[in-house]
Asks: 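First, the structure itself, so that you have it in front of you.
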Amino acid sequence: MAKPSALSTTTSLSQRPSEKGDGWRYVKHSGFARGFDGQLPEGSLPDGYVLEANNVVVVRGQVLRDNGYAAYLNTLIGVPQLLAIWTQADDTEHFICITTTRAYRRQAGEWRYIEDGDKSETTTTATAAAGATAVVVAAITDFSDNDVIAIELASGLQHRTQVNGAPAGSTITFDDAIPVGESVENGAAVYHGQVLTGSTAIPVSAVGWESDDWFVWTNGVDAPRRFDGAEAITLPGLSYTETSAYVIQKCRWLAVFQQQLFMFNTTETLGGGPATRYPVRIRRSDIGDGSTWDHGTGNAGFEDVVNELGPIQCAHIVGDTLGVLCERGLGRYDYVGSSVLLYRFRPVVKGEGVVGPLAATSAHGHIYFLGDSDVWDWDGGGSLVALGRATPEQSSAVQQLLYGGEGELSLTARNNVVVAHLEGREETWVLYPRDNGSFCDTLLRYSRQHAAWTRRTLPNSVYNLVRRVEAD
């Protein structure tokens, strides 16, 4: 409903004067499945659009209430930074959660510690009843005071606790008693859980590495790690000697391309010197071997690309190349494959970078990302199109909401923006911190089927979304 001076000029709408003689004219809309569009002229509301579309979702042409959410399984230690679904070569599916301090996998209806394969495990040599705070084990090698451990219970569940005091003889004492109704059998597994030192300021990146059948992750603080379905260890091959001693300590992003495992934005030491961050460095393993990083071996290597685009934030497949998204622009890492040049980096978009490492996703051969001025659809070429638009000249329907004069995107915390594509729903999600927030508390949904944007406010902070991790 609008006053005559501001009525939509769409001719297909049914319009009639008010029977009340109050100066209004009434417009009949066929539906509201187009969501909202902040770029419409003031007073214009074409058929299918609404002024606001908050806490609703468009499904099969209907506008429905957006449902809430609930806690999933048991409480975790640390802040969850990544939820990932990874399928091994034998079709075993793993549901993995990486927090700032722990690594979990879903088993038997609970979140269980992923075993730390860099440390020894042991087994019990006697039973332990409910209420016990110690177990007798075959060996105490590698077990120390305050170690994070897991004990297999007779029910098949896992008891997660910490070592209390230095183990002596064959006894390990721990903080939390065996729960009521539970017990520990003779021969039960006792092992270390992962202890991480992640930061909510640096997101977790993960890939499925098909050649070695690994799930590989990095939190940008600890060394990258790989999980083989049974245990996780530090990614092999990070220390090597090639004219000098190299140690790859950590990286900010991972990707898989042309059967090579890639690390971006690394921190390394050379010849025993201080740790140095290389924000535009791209490292690649040997072909089909995620354990070989020595740049003098096979096709392993590294290069520092042009820094006019700023630090590398993330990388995703786009078309037939690897798109490298930086703070101030976008580049292509093209596979050349010659004996003298394996890859070539080319800057293609300058002045419009991605706002954060998680603010981009790949689908349909394109990359969708939140940039410095809008939500973009990039096909790997030299131009950008706002998501949901047909030509580069148009801004997206949500540009004013995010970046307008009273835009609600928190510019001080935009590094925490999350963009994801939901394949089954054909939706692109943009989660962002609103106003002065630090972490994501608002969701924008874009429905490809209806070309519609809707908005959802969230009662909790969101750090990431569940992602299916597969080899590219």
Asks: May I ask you to check whether Q194 and R102 show a side-chain donor-acceptor distance below 3.5 Å?
Replies: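 Short answer, no.
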Asks: Give the intermediate values and the outcome of side-chain contact (heavy atoms from CB on, under 4.5 Å) for residues R252 and T218.
Replies: CA-CA 7 Å; R252 293 294 184 94; T218 179; over 6 Å; no
Asks: In this structure, is the centre-to-centre distance between the rings of W253 and H316 below 6.0 Å?
Replies: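 H316 vs W253: aromatic centres under 6.0 Å.
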Asks: For the pair T100 (side chain) and V79 (backbone), establish whether a donor and an acceptor sit closer than 3.5 Å, ignoring hydrogens and angles.
Replies: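 Yes.
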Asks: Can you tell whether the side chains of E110 and R105 come within less than 4.0 Å, N to carboxylate O?
Replies: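 The answer is no: the pair does not qualify as a salt bridge.
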Asks: Any chance you could lay out the side-chain contact (heavy atoms from CB on, under 4.5 Å) test for W429 and L422, step after step, and finish with the verdict?
Replies: CA-CA 8 Å; W429 286 18; L422 280 68; 3.5 Å; yes
Asks: Is atom CG of N436 surrounded by more than 12 heavy atoms (other residues, nucleotides or ligands) closer than 6.0 Å?
Replies: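 Not buried by this count: 12 neighbours or fewer within 6.0 Å.
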Asks: Determine whether C97 and L76 make a side-chain contact, defined as any pair of heavy atoms from C-beta on separated by less than 4.5 Å.
Replies: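 Sidechains of L76 and C97: in contact.
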Asks: Just by distance, with hydrogens left out, do D334 and T321 show a side-chain donor and acceptor under 3.5 Å apart?
Replies: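 Note: D334 and T321 side chains meet the donor-acceptor criterion.
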Asks: Hey, is the main chain of V204 close enough, under 3.5 Å, to the side chain of N219 for a donor-acceptor pair?
Replies: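 Checking the backbone N and O of V204 against the side chain of N219, no donor-acceptor pair under 3.5 Å is found.
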Asks: Between the side chain of S205 and the main-chain N/O of L254, is any donor-acceptor distance below 3.5 Å?
Replies: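 Such a contact is found between S205 side chain and L254 backbone.
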Asks: Would you confirm whether R160, through its side chain, and Q158, through its main-chain N or O, come within 3.5 Å as a donor-acceptor pair?
Replies: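 Yes; at least one donor-acceptor contact below 3.5 Å.
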Asks: Determine, step by step, whether D379 and H366 satisfy the side-chain hydrogen bond (donor to acceptor under 3.5 Å, both in side chains) criterion, reporting the C-alpha distance in whole Å, the side-chain angles of both residues, the deciding distance to 0.1 Å, and the verdict.
Replies: CA-CA 5 Å; D379 64 2; H366 290 219; 5.5 Å; no
Asks: Please confirm whether the backbone N or O of Y191 pairs with a side-chain atom of E121, one donor and one acceptor, at under 3.5 Å?
Replies: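 Side chain of E121 to backbone of Y191: no pair is present.
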Asks: Once you round to the nearest 0.5 Å, how far does SG of C326 lie from CG of N307?
Replies: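 Going from SG on C326 over to CG on N307, the span is 10.0 Å.
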Asks: Looking at every heavy atom in both A360 and C314, which two are closest together, and how far apart are they?
Replies: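 Looking at all heavy atoms of both residues, the closest pair is CB-SG, 4.0 Å.
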Asks: I want to check something: taking the side chain as every heavy atom from C-beta on, are F215 and D228 in contact at a cut-off of under 4.5 Å?
Replies: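 Side-chain contact under 4.5 Å: no.
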Asks: Kindly compute the distance separating CG (L370) from CG (L431), expressed to the nearest 0.5 Å.
Replies: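 Separation between the atoms: 11.0 Å.
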Asks: I would like to know whether E268 and R281 meet salt bridge (charged side-chain N to carboxylate O under 4.0 Å, His left out); could you show each step before the answer?
Replies: CA-CA 10 Å; E268 307 178 15; R281 178 160 292 184; 3.0 Å; yes
Asks: Tell me the salt bridge (Lys or Arg N to Asp or Glu O under 4.0 Å) pairs involving residues 411-422, sequence neighbours left out?
Replies: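 Of all non-adjacent pairs touching residues 411-422, those that pass salt bridge (Lys or Arg N to Asp or Glu O under 4.0 Å) are D372-R414.
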Asks: Test side-chain hydrogen bond (donor to acceptor under 3.5 Å, both in side chains) on E408 and T442 and set out the steps.
Replies: CA-CA 10 Å; E408 63 181 24; T442 308; 4.8 Å; no
Asks: Could you walk me through whether I149 and V163 satisfy the side-chain contact (heavy atoms from CB on, under 4.5 Å) test, starting with their C-alpha distance in whole Å, then the side-chain angles of each, then the deciding distance to 0.1 Å, before giving a yes or no?
Replies: CA-CA 7 Å; I149 62 170; V163 176; 3.8 Å; yes
Asks: Would Q399 and S373 count as having a side-chain donor-acceptor pair, cut-off 3.5 Å?
Replies: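 No, S373 and Q399 have no side-chain donor paired with an acceptor closer than 3.5 Å.
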Asks: Please identify each residue that fulfils side chain to side chain contact (heavy atoms under 4.5 Å, CB included) with A386, with sequence neighbours left out.
Replies: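 In terms of side chain to side chain contact (heavy atoms under 4.5 Å, CB included), with neighbours along the sequence ignored, A386 is linked to D374, W376, R389, S396.
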Asks: Looking only at non-hydrogen atoms, find the nearest pair between H159 and D176 and report the distance.
Replies: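 Residues H159 and D176, closest heavy atoms: NE2-O, 2.7 Å.
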Asks: State the OG-CG distance between S362 and L322, to the nearest 0.5 angstrom.
Replies: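 S362 OG to L322 CG: 9.5 Å, rounded to 0.5 Å.
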Asks: Under 3.5 Å, side chain of D142 to main-chain N/O of S120, donor-acceptor pair present?
Replies: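 Between the backbone of S120 and the side chain of D142 there is a qualifying donor-acceptor contact (under 3.5 Å).
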Asks: Yes or no on side-chain hydrogen bond (donor to acceptor under 3.5 Å, both in side chains) for E427 and H421, after CA distance, side-chain angles and deciding distance?
Replies: CA-CA 6 Å; E427 290 182 353; H421 183 78; over 6 Å; no
Asks: Where the side chain of D145 meets the backbone of A166, is there a donor-acceptor pair that is under 3.5 Å apart?
Replies: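 Not a single qualifying donor-acceptor pair exists.
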Asks: Quick one: does V385's side chain get under 4.5 Å of E393's, heavy atoms only?
Replies: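 Counting from C-beta outward, V385 and E393 never come under 4.5 Å.
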Asks: How many angstroms lie between CZ in R283 and OG in S285, if you round to the nearest 0.5 Å?
Replies: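 These two atoms lie 11.0 Å from each other.
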Asks: Just to verify, what does Y343 make a ring-ring contact (aromatic ring centres under 6.0 Å, His included) with, not counting sequence neighbours?
Replies: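 Testing Y343 for ring-ring contact (aromatic ring centres under 6.0 Å, His included), a comparison that skips the adjacent residues, returns F262, Y333, Y335.
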Asks: Start with the C-alpha distance between D441 and R456, add both sets of side-chain angles, then the distance that settles salt bridge (charged side-chain N to carboxylate O under 4.0 Å, His left out), and finish with yes or no.
Replies: CA-CA 9 Å; D441 57 9; R456 167 77 187 268; over 6 Å; no
Asks: Carefully, step by step, assess D435 and S410 under the rule side-chain hydrogen bond (donor to acceptor under 3.5 Å, both in side chains).
Replies: CA-CA 5 Å; D435 301 328; S410 173; over 6 Å; no
Asks: Check this for me, if you would: do K250 and D222 make a salt bridge, where the nitrogen-to-carboxylate-oxygen distance has to be below 4.0 angstrom?
Replies: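 Looking at D222 together with K250, the answer is no, because their closest N to O distance does not fall below 4.0 Å.
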Asks: Does some side-chain heavy atom of W111 sit less than 4.5 Å from a side-chain heavy atom of P80?
Replies: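 No, too far: nothing below the 4.5 Å cut-off.
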Asks: Please tell me if the side chains of I282 and I312 come closer than 4.5 Å, counting only heavy atoms from C-beta onward.
Replies: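 Side chain of I282 against side chain of I312, heavy atoms only: contact under 4.5 Å found.
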Asks: Between D118 and T234 (side chain of the first, backbone of the second, donor and acceptor by atom type, cut-off under 3.5 Å), is there such a pair?
Replies: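 The answer is yes, because a donor-acceptor pair under 3.5 Å joins these two groups.
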Asks: Kindly write out the residues that satisfy ring-ring contact (aromatic ring centres under 6.0 Å, His included) with H295, not counting sequence neighbours, or none if the list is empty.
Replies: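 With sequence neighbours excluded, H295 shows a ring-ring contact (aromatic ring centres under 6.0 Å, His included) to Y240, Y246, F302, given in chain and number order.
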Asks: Got a sec, which residues hit ring-ring contact (aromatic ring centres under 6.0 Å, His included) with Y446, two or more places apart in sequence or on another chain?
Replies: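 Residues passing ring-ring contact (aromatic ring centres under 6.0 Å, His included) with Y446: W453.
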Asks: Please examine the side chains of I114 and Y104, heavy atoms only from C-beta on, and report whether any two atoms are closer than 4.5 Å.
Replies: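 The answer is no, as the side chains (C-beta and beyond) never meet within the 4.5 Å cut-off.
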Asks: I'd like to know if E231 and K119 make a salt bridge, using a cut-off of under 4.0 Å between side-chain N and carboxylate O.
Replies: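 No.
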Asks: Of all the heavy-atom pairs spanning V349 and W378, show the shortest one and how long it is.
Replies: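 The pair with the smallest heavy-atom distance is CG2-NE1, 4.2 Å.
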Asks: Using a 4.5 Å cut-off on heavy atoms from C-beta on, say whether the side chain of I140 contacts that of T122.
Replies: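 No; the side chains remain at least 4.5 Å from each other.
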Asks: Under a 3.5 Å distance rule, please check whether D212 uses its side chain to pair with a backbone N or O of G290 as donor and acceptor.
Replies: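 At least one qualifying donor-acceptor pair exists.
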Asks: Among residues at least two apart in sequence or on other chains, which ones pass ring-ring contact (aromatic ring centres under 6.0 Å, His included) with F143?
Replies: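 Only H192 meet the ring-ring contact (aromatic ring centres under 6.0 Å, His included) criterion with F143.
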Asks: Which is it for R434 and T457 under the side-chain contact (heavy atoms from CB on, under 4.5 Å) test, yes or no, and what are the steps along the way?
Replies: CA-CA 9 Å; R434 187 175 66 251; T457 55; 3.9 Å; yes
Asks: Quick check for you: to the nearest 0.5 Å, what is the distance between D304 atom CG and T266 atom OG1?
Replies: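 OG1 of T266 is found 7.5 Å from CG of D304.
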Asks: Indicate the atoms forming the closest heavy-atom contact of G288 with W209, along with that distance.
Replies: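 Closest pair (atom of G288, atom of W209, distance): C-CZ2, 3.8 Å.
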Asks: Heavy-atom distance under 4.5 Å between the side chains of P224 and W217, does that happen here?
Replies: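 Result no, sub-4.5 Å side-chain heavy-atom pair not found.
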Asks: I'd like to know if the side chain of Q449 and the backbone of E426 have a donor-acceptor N/O pair within less than 3.5 Å.
Replies: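 Here the side-chain-to-backbone pair does not exist.
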Asks: Does this structure show an ion pair linking E308 with K350, if we count only N-O contacts that are shorter than 4.0 Å?
Replies: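 Here E308 pairs with K350 in a salt bridge, since their nearest N and O are under 4.0 Å apart.
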